[in-house]
Amino acid sequence: MVNSKLRVGVLGTARIARSVIPHFVTSTLAEVVAVGSRSIEKAEHFADEFGIPQAFGSYEEILCN
């Protein structure tokens, strides 16, 4: 068995993401490593709020990384 966490990238910063992300943040099995939004400002604010290390200003940008 591998001792690595599932790495999760989140597309969007709306209500569904806000309700799901806290469960990932406290999980021992997964970690949120990036968030993408239609604006970099929203993504950065969301990332700061939830302690997510990377923020992207478009959905395409997060999917390419």
Side-chain angles (χ1 to χ4, degrees):
M1 180 175 201
V2 178
N3 289 330
S4 61
K5 291 183 176 185
L6 174 67
R7 299 179 69 204
V8 177
V10 179
L11 298 176
T13 59
R15 185 176 50 178
I16 292 172
R18 290 188 171 282
S19 65
V20 173
I21 294 308
H23 300 287
F24 279 110
V25 171
T26 60
S27 172
T28 59
L29 302 175
E31 65 179 321
V32 181
V33 296
V35 61
S37 181
R38 286 181 280 170
S39 79
I40 190 64
E41 293 83 11
K42 285 182 183 180
E44 287 174 341
H45 178 75
F46 191 89
D48 288 343
E49 184 177 344
F50 290 100
I52 301 169
Q54 287 187 295
F56 295 97
S58 73
Y59 301 133
E60 295 83 11
E61 192 177 358
I62 190 175
L63 292 171
C64 290
N65 282 287

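Heavy-atom basis, side chains included; hydrogens, waters and symmetry copies ignored. Nothing fancy with the numbering, it's 1 onward along the sequence.
Within the structure, every pair that satisfies the salt bridge (Lys or Arg N to Asp or Glu O under 4.0 Å) test and touches residues 10-19, not counting sequence neighbours, is listed here: R18-E49. Applying the side chain to side chain donor-acceptor pair (under 3.5 Å) rule to pairs touching residues 32-46 yields nothing, sequence neighbours excluded.
Listed here is the closest heavy atom pair of P22 and A17: CD-O, 4.3 Å.
By the 4.5 Å side-chain criterion applied to Ile, Leu, Val, Met, Phe, Trp and Tyr, I52 is assigned to a cluster that also includes L6, V8, V10, I16, V20, I21, F24, V25, V32, V35, F46, F50.
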Scan the side chains in residues 56-64 for donor-acceptor partners under 3.5 Å anywhere in the protein, sequence neighbours excluded, and list what turns up.
unit_1, atom_1, unit_2, atom_2, d
S58, OG, E61, N, 3.0
E61, OE1, G57, N, 3.3

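In this structure R7 satisfies the side chain to side chain contact (heavy atoms under 4.5 Å, CB included) test together with E31, V33, sequence neighbours excluded.
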